[in-house]
Q: 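Okay, here's the structure, questions in a sec.
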Amino acid sequence: AEGIGASLLTQQHPFYIELADAMKAEAKEKNVALEVAIANQDLNKQLADVEDFIVKGVDVIVISPVDSQGVRAAIEKAEKAGIKVITVDVPANGATVTSHIGTDNFTGGVKAGELMAKVLDNKGKVAVIDYPTVQSVVNRVNGFKEAIAKHPDMEIVAIQTGITRAEALAAAQNMLQANPDITGIFGFGDDAALAAAVAVKAAGLEAQVKVIGFDGMKEARDAVDTNPVMVGVIQQFPDQMGKQAVDTAVKVAAGEQVPAEQPIVPGVYTAK
Amino acid sequence: MHGSTTDTVLKISNVTKSFGQVAALKSMRLDVRRGRVHTLLGENGAGKSTLMKILAGVHNATSGEITLDGQPYRPANPQQASALGLAIVFQELSLCNNLTVAENILATREPRSFGFINDKALVSRAKAIVADLGLPIDVTEKVGNLSIAQRQLVEIAKGLSHDAKVVILDEPTSSLSDSEAEILFDIIGRLKSRGVAVIYISHRMEEIMRLSDDITVIRDGEYVSTHDRNDVTIEALIALMVGRRMEEIYPPPSHERSTQGAPMLAVENLTRQGEFADISFAVGPGEILGFFGLVGSGRSEVMNALFGMKNADGTVRLDGKDVRFRSPAEAIARGIGFVTENRKEEGLVLGHSVEWNISMAALPDFTGPFGFTRGSAERKAAAAEVGRLAIKTHSLDTPAGALSGGNQQKIVLAKWLLTRPKVLILDEPTRGVDVGAKFEIYKIIRQLAAEGTAILLISSELPEVLGMSDRVVVMHEGVIGATLSGTDLTPETIMAHATGFQS
Amino acid sequence: MTQQTAAQAALVRAMKQYGGILLSLVMLCVIFSFLNPRFMSVVNFMNILQQVAVIAIAAFGMTWVILLGEIDLSVGSIIAVAGMVGAQCFAFGLGFGPALAVTILAGALMGMLNGVLTAKLLLPSFIVTVATMGIYRGLVSLPTNGAPAMIDNSTWTAIGTEGFLGLPIIIWVVAVLFVINQIVLSKTSFGRRAYLTGGNREAAIYSGIKVDRIKIIIFMISGVMAAISGVLLSSRLFSAQTNAGMSYELDAIAAAVLGGTSLAGGVGTMVGTLIGALIIGVMNNGMNMLSVPYFYQLIVKGLVILVAVWLDVRAKQAKR
Amino acid sequence: MTQQTAAQAALVRAMKQYGGILLSLVMLCVIFSFLNPRFMSVVNFMNILQQVAVIAIAAFGMTWVILLGEIDLSVGSIIAVAGMVGAQCFAFGLGFGPALAVTILAGALMGMLNGVLTAKLLLPSFIVTVATMGIYRGLVSLPTNGAPAMIDNSTWTAIGTEGFLGLPIIIWVVAVLFVINQIVLSKTSFGRRAYLTGGNREAAIYSGIKVDRIKIIIFMISGVMAAISGVLLSSRLFSAQTNAGMSYELDAIAAAVLGGTSLAGGVGTMVGTLIGALIIGVMNNGMNMLSVPYFYQLIVKGLVILVAVWLDVRAKQAKR
Ligand SMILES: Nc1ncnc2c1ncn2[C@@H]1O[C@H](COP(=O)(O)OP(=O)(O)OP(=O)(O)O)[C@@H](O)[C@H]1O
Ligand SMILES: Nc1ncnc2c1ncn2[C@@H]1O[C@H](COP(=O)(O)OP(=O)(O)OP(=O)(O)O)[C@@H](O)[C@H]1O
Ligand SMILES: [Mg+2]
Ligand SMILES: [Mg+2]
């Protein structure tokens, strides 16, 4: 088979679904073959997926790495086989790829922190729901922490892991129970933020606590529009990312030059 | 042949049953009559239990005809069988250890009020059943906490709690001692007088002669003949059953034992809190020391302690040296063998081959360099034991579970013979074993003794203990009542000590 | 016997049966209250009960299955499917009642498949439910291609958020299901048959129990309980997540085993399972309240399970 | 008997024992070759073998554990810990040899903990290893706070990437471990004792087998196999991932059970397990080659496991 092979981190998250959909749409538009494999957050499966792409003989491989470092093995295998690799969303460390297209997560985190400071008048105690085993989330949280650190009257009083929406809900409830003076919650993704908003409502703290999310998928943007607790969400653009990834892959296959870095700066979405 | 046909409750004709390739029953027939005890006699694996399971609705007959009260009888499941008036006490215990006696006895027939189980009524009804049968059992106790004998009584209570026309008892006394067996015989007497037909299965000839009215002999799944109790002798029955004449049941000692030298095993003041106390005895090389007691008198517990399965205080000297075993492995290494009481649970790995079962206790002897098993030596040794004990098996690779009870018991014996023990403990070695095989086992015991093995023979069958032992230790409630030899070895004295009526 | 001594006897019996695990639960509560005074509050206990509801209900079903000596690893996937079925029903225009009925029916069907494969084809339930765990997890993703589905029905979402007579509805649901399961298990002949079959399958057959039918029904109970868990979870989250309930089967099994249910079958009670589930809930909540980092939470949770089961095994041995 | 008929007899025996599952494997291969001609290539078979190596080796260890009637759910976590231990050794400045030794020792220790808790405290292995699954998964995250760790040792990474005598080193490792496990299981007293203990623990004790020791050793074997799997995995990935090996224990169990190992204990072979692992590997690879969407892959995988186990159960019944 010729065409593009795409190995995506997961298919159980709206971000990646939108990314995959955008890639498929663009591939159709450009009339190239595209095969998508889902690593289901398992790096070993991602490597196996890439190995199978190599056997199948695709022209270009697009990877959204499960992990920046571990993806090196897959990239090296592809390059040994003479196949060019493009990464989307998460960058690769320790291996050079033809091009990387991704959100600047750290900057996104900083923006989230600044928004939080703004809505809380530069003071107050905030909590974070995180997912520490994912590098892009770590970058977001670090950016958020840096922005908050610039405000002496603001303090991060609790950080808890809440990977799924159910876990995030429990984590948010329990943090609110333990620290009733929390005025802001930052969720590492839409799921975390939406769950936090539910917890705030359940605790009857709608007047006191503001929630900010990250990703900006439709459900979260709707929530920002309708739910006063959700004051904003950092918006990624998976549609742009997917389109650009396929465009780049087509160019690479045709032998054209492409830029090594194609950053996509996240936006800030607040109520209409 | 016998009486009028109107007396016949259950009539079995030309019944066959195959399990895959195995034909367990070929052309069976049987006439069971009201108010009479009809005994089924046959070697291990002859097909007795299979026939009973067909009657109970557990198995379907492959072909043949059965009528109950003249109506065709073909129960689809045990519940139907019991609804049609059949009650059965299974050979293999079919109780749930996690439930109480009452819950077991009335399983699936719990008294209910408003659709919910009425526990009070459950207990009182079970109590009534047990009291009616005269059984000494606490119905609120968990079955798992009972001794094997008590469980057997519960099994009997469960089977007999149905109002039945025909009662089947498949080796009910195999784990009972004489006093509990007497309770059962009383019950059977009452059933008879109520006009109930009883089908009885046992390998104990004395018992059979005492209880039966009719006796049917079967061999290899085939009907041989039916007799009135008064027209036959034990010898004749055995000849019919095993296909040859047997002169006696207990082979004579092959030699006059020289007066004991140093004892091979000497036990002093062995005590374990709550189970047994102050157990002292000694056994010399070539001696058979019998252990008799009522079930629950603690004989098995003493032997388990000797074998390193349980801790106990006191001293044990083996071949003149003080020993203290912390595990069976140590006991085996020092030359002790233990044919345990329950072959299915403690003796055999039913799913594995005859060969593996025979070699399992002597595995260190078949282990070569780097821990590799010496396969050909192992196979040769296992084949030799199979030959020596005349074990009936298709091949050495047949799973032990596929053999009949008597042959399974021989495998357990073979396993311990292969370790060449100095002291061999035999805990009920002939339980559930047919007369023919029993004789074989007795011969082996004699032969071992002749070779100088010291033997501890635990048995609840008085004739067996009397017929085989040089001396007999009688236990009662965890202590030794007496150690008898010579002219003191009479049934009366032994029973007196065992029941504690004499001290 | 006077009434008082009867009550005392019952208490002694309960302490003997649940002493080990009750001790663990009380110890955990004491430790957490000591470390964070806000732990001991009515609001927080409501939180714990709501958070543990999904696990507890799945664990009721799991108790039946384990009682039979079987295991059901597909529970987590059924939880996810249930939420998605509900969401799709609403997308299809059904009302609350029909949607709930369809969802519970779906749970029963998935459980029935597990039961039939186990009972009729004689496959080990462990492997059957490992397989159906994958199958059901695959199925849940088909309608939305892996994306979560919003649930647009105010009655459904009210279950997870509203209260009734001063208590959250979720807690009522747990309580009612607990009582039903407890009564059916301990007071009906169906429950008794489950104990018999789990204790000695052979004996159960000889006693005329249709063990295949019981097995299938019990897997259906497990499926239905998981489906109800799924309803609660999706109502709490206003949405059906395709990764919902992932590995909840292990928590449900842990709850049942902590509660004294024996994996060998034949032994177990709903009371024990409820206590087991509470231990898991208290532990998760307490550690969150103390801001214990995630990885340490994993470690502590493992250790608490080990200690609690050990205490329980010890208590049972001492009793004998 | 001539040599030829002996060989024929062996073949007949093998067909009887492995017929059901070999049939499944061959059928899968035929179907995939038919659907994608590139499936049947040397390169692709090398790929399959490498992809399945991690599962296969863990499954060898799992076979021992299941043979004993126990289960080890901590295998996936041990795989992750092993990689992290290796990475930390290199960060600490150790060379390849010592790092490998420490890693394998770590696997043995984790297995020993499982074994001691099961054998000495008499806790059910299911719950012990559910607990240690969490504990080990928590431990793996401590050194890096959840982040992956790079592995900076060319010998270590060469294992996963280089070849030897024309075959990838990984395949050699699998082959050698298969042969060792196979020989120890079928030709030594230790293997025999494992079969006997799994078949009837009580009878084994009475026959002088030290079942506690055997149990502990076998959990150590499982730990060591998982650690070696972890080495291979981390070498393939140039890094230690904290979520590595997640739920691989289920694949390992599936491989062993597909291969005819009975969860009740006492029955199983390494040959069967290898075939079982290959089925899983061929299935994953073949569906990737056909670009089957992920969720459908989950469903198909579950169905294939069901069908294969069913064929095997049927073949075994017919044999009797
Ligand atoms: N479920 C079964 N599957 C296969 N074979 C069986 C089964 N049950 C019994 N058999 C075989 O049928 C034959 C008759 O067994 P059965 O149990 O009826 O003997 P028995 O006369 O009761 O012997 P015993 O005196 O030892 O109890 C034996 O060869 C036995 O191995
Ligand atoms: N599983 C058990 N749990 C608790 N107590 C038991 C158990 N098995 C036996 N006992 C008790 O141990 C004592 C000895 O029982 P056991 O039946 O082994 O005696 P025995 O003299 O060896 O009888 P036999 O060998 O004739 O069956 C009895 O008091 C019995 O109730
Ligand atoms: Mg019989
Ligand atoms: Mg005894």
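Quantities reported herein were computed from a predicted structural model and do not represent experimental measurements. Proteins get letters first, then strands, A, B, ... in listed order; numbering begins at 1 in each.
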Q: Under a 4.5 Å heavy-atom cut-off, does chain C meet the side chain of D:I305, its backbone, both or neither?
A: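 When you check distances to chain C, only side chain atoms of D:I305 fall under 4.5 Å.
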Q: Against chain D, label C:L258 side chain, backbone, both or neither, depending on which of its atoms sit under 4.5 Å from a heavy atom there.
A: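 Answer is neither: C:L258 stays 4.5 Å or more from chain D.
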Q: How close do D:V309 and C:P124 get, counting heavy atoms only, and between which atoms?
A: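 In terms of heavy atoms, the two residues are closest at CG1-CD, 4.4 Å.
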Q: Can C:L117 and D:W310 be said to form a side chain to side chain contact (heavy atoms under 4.5 Å, CB included), step by step?
A: CA-CA 9 Å; C:L117 289 172; D:W310 176 66; over 6 Å; no
Q: Side chain, backbone, both or neither: which part of D:L139 has a non-hydrogen atom closer than 4.5 Å to chain C?
A: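 The answer is both parts of D:L139.
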Q: Measure D:V130 against the heavy atoms of chain C and call it side chain, backbone, both or neither at under 4.5 Å.
A: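 For D:V130, the contact with chain C is made by the side chain alone.
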Q: With rounding to the nearest 0.5 angstrom, report the NZ to CE distance, C:K301 to D:M133.
A: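 Answer rounded to 0.5 Å: 9.0 Å.
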Q: With sequence neighbours left out, which residue pairs that include part of residues 256-289 of chain D fulfil the ring-ring contact (aromatic ring centres under 6.0 Å, His included) condition?
A: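 Of all non-adjacent pairs touching residues 256-289 of chain D, none passes ring-ring contact (aromatic ring centres under 6.0 Å, His included).
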Q: Flag the one option from D:L250, D:L73, D:L306 with the top tally of heavy-atom pairs under 4.5 Å to chain C.
A: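 The answer is D:L306.
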Q: When heavy-atom pairs shorter than 4.5 Å are enumerated against chain C, which of D:V140, D:V257, D:I127 gives the highest number?
A: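 If we count pairs closer than 4.5 Å to chain C, D:I127 comes out on top.
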Q: Begin from the C-alpha positions of D:L298 and C:I135 and carry the test side chain to side chain contact (heavy atoms under 4.5 Å, CB included) through to its verdict.
A: CA-CA 6 Å; D:L298 283 179; C:I135 295 174; over 6 Å; no
Q: Which heavy atom in C:G302 sits nearest to a heavy atom in D:A131, and how many Å separate them?
A: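 Nearest pair, atom of C:G302 first, then D:A131: O-CB, 3.4 Å.
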Q: Does any backbone or side-chain atom of C:L263 lie under 4.5 Å from a heavy atom of chain D? Answer side chain, backbone, both or neither.
A: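 For C:L263, the side chain is the part near chain D, not the backbone.
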Q: Which heavy atom of C:F295 sits nearest to which heavy atom of D:G146, and what is that distance?
A: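 Taking C:F295 first and D:G146 second, the nearest heavy atoms are CZ-CA, 3.5 Å.
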Q: In Å, rounded to the nearest 0.5 Å, how long is the span from CE of C:M246 to CE of D:M246?
A: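 Atom-to-atom, C:M246:CE and D:M246:CE are 9.5 Å apart.
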